[in-house]
Amino acid sequence: MRNQRLPILPLHRDDLPVDTIELARFMIGKYLVHDLPEGRISGRVVETEAYPVGDSTSHAFMGRRPHNGSMFLAPGHAYVRLTYGLSYMLNMSAEAEQTGAGILFRAIEPLEGLAFMEARRPGAPLRDLARGPGRLTMARGIGPSFDGHDLCTGRGLWIGVIEQGEASVGVTTRIGLSREMHRPLRFFEPGSAFVSGPRKLLLTPHSRA
DNA sequence: GCAAGGATATTCT
DNA sequence: GAATATCCTTGCA
């Protein structure tokens, strides 16, 4: 157990890039925090994917539906959805309100609250605790009740930052899709062991998508 | 270190 | 009925 908290500061909605792809890149190296009565869970975001407007693989592609309304909220709201009948995915809305777009959190490097996460994923080694979108939500106990939650409040489940400035970011195509496979919309922290899937660079760090 | 196959719920590219 | 933003186990190299 850690006595001293990491100096994570909440991200305000105005701090977030409005553009979906820029937001997905921006979130690499930021922090996902969950304050609970039992203590704090936190981790460093090391892998994301962008699901921009007009992308046929986006859950918002066919317009607003009862299940995808959170993707149409102002930037920084959680969109939680079940895939393959087993795994919940944690996403965050992007673009202006009324516009359906978002980014998917694919992996985090667990930092605080390790005991909490290990209890939810018995037997998993530290490296695999939150490596993959389904594992991430499992380890952190994130389910459908978080759909629509505002991640910019600095309370409950929220996003934050420690380091200022831009992190080095790798880019590849997204994972698990059968369409739009060519688009370089997956972002990750180069060299991190907590990234799921390929860690070979498509584009050089700091290049724009 | 891969590759293949099964489980499972919701939507309808 | 088919597809899906996945994970786990088993088997093989």
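Labels below follow one simple rule: chain letters A, B, ... track the order of the sequence lines, proteins then strands, and each chain is numbered from 1.
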Rounded to whole Å, CE of A/M62 lies from P of C/dA3 at a distance of 15 Å
Under 4.0 Å, counting only non-hydrogen atoms across every strand here, what does A/R106 touch: a base, just sugar-phosphate, or nothing? sugar-phosphate
Return the CD1 to OG1 distance between A/I159 and A/T153, rounded to the nearest 0.5 Å. 10.0 Å
For A/R179 and C/dA3, give me the distance from atom CZ to atom C1', rounded to whole Å. 9 Å
Could you tell me the separation between the CZ atom of A/F61 and the P atom of C/dA3, rounded to a whole number of Å? 18 Å
Please say yes or no: joined through hydrophobic side-chain contacts below 4.5 Å, possibly via intermediate residues, are A/Y88 and A/F105 part of one cluster? yes
Integer-rounded Å distance: C/dA5 C1' and A/R186 CZ: 12 Å
Hey, could you give me the CG/CZ distance between A/D55 and A/R179, rounded to the nearest 0.5 Å? 8.5 Å
Got A/E112 and A/R5 here, is their nearest side-chain heavy-atom distance under 4.5 Å? yes
For B/dT13 and A/S178 - does any side-chain N or O of the residue sit under 4.0 Å from the phosphate oxygens OP1/OP2? no
Heavy atoms, side chains only, cut-off 4.5 Å: are A/L11 and A/F26 in contact? yes
Name every residue in residues 82-98 of chain A that has at least one heavy atom under 4.0 Å from any atom of DNA chain B, in order of residue number, or write none if there are no such residues. A/L82, A/Y84, A/G85, A/L86
What I'd like to find out is whether the side chain of A/S70 reaches to under 4.5 Å of the side chain of A/V80, using heavy atoms alone. no
For DNA chain B, which residues of residues 41-59 of chain A approach it to below 4.0 angstrom with any heavy atom? none
I want to check something: taking the side chain as every heavy atom from C-beta on, are A/T20 and A/Y51 in contact at a cut-off of under 4.5 Å? no
Does B/dA9 have OP1 or OP2 sitting under 4.0 Å from an N or O in the side chain of A/R81? no
Measuring from atom CE of A/M89 to atom CG of A/L136, what distance do you get when rounded to the nearest 0.5 angstrom? 9.5 Å
How many angstroms lie between atom CG of A/N91 and atom CZ of A/R81, to the nearest 0.5 angstrom? 9.5 Å
Across all strands shown, which nucleotide pairs with B/dT8 by Watson-Crick or G-U wobble geometry, both distances under 3.5 Å? none
Is any side-chain nitrogen or oxygen of A/H67 closer than 4.0 Å to OP1 or OP2 of B/dC12? yes
Going from CE on A/M27 to CG on A/L32, what distance comes out if it is rounded to the nearest 0.5 angstrom? 7.0 Å
Are any non-hydrogen side-chain atoms of A/L16 and A/C152 less than 4.5 angstrom apart? yes
Counting only non-hydrogen atoms, which of residues 117-144 of chain A are less than 4.0 Å from DNA chain B? none
What distance separates A/L151 CG from A/F146 CZ, expressed to the nearest 0.5 Å? 10.0 Å
Between P of B/dT13 and CZ of A/R65, the distance in whole Å: 8 Å
When both hydrogen-bonding distances must be under 3.5 Å and the geometry is Watson-Crick or G-U wobble, what is C/dA5 paired with, if anything? none
Rounded distance in Å - CG (A/N68) to C1' (C/dA5): 14 Å
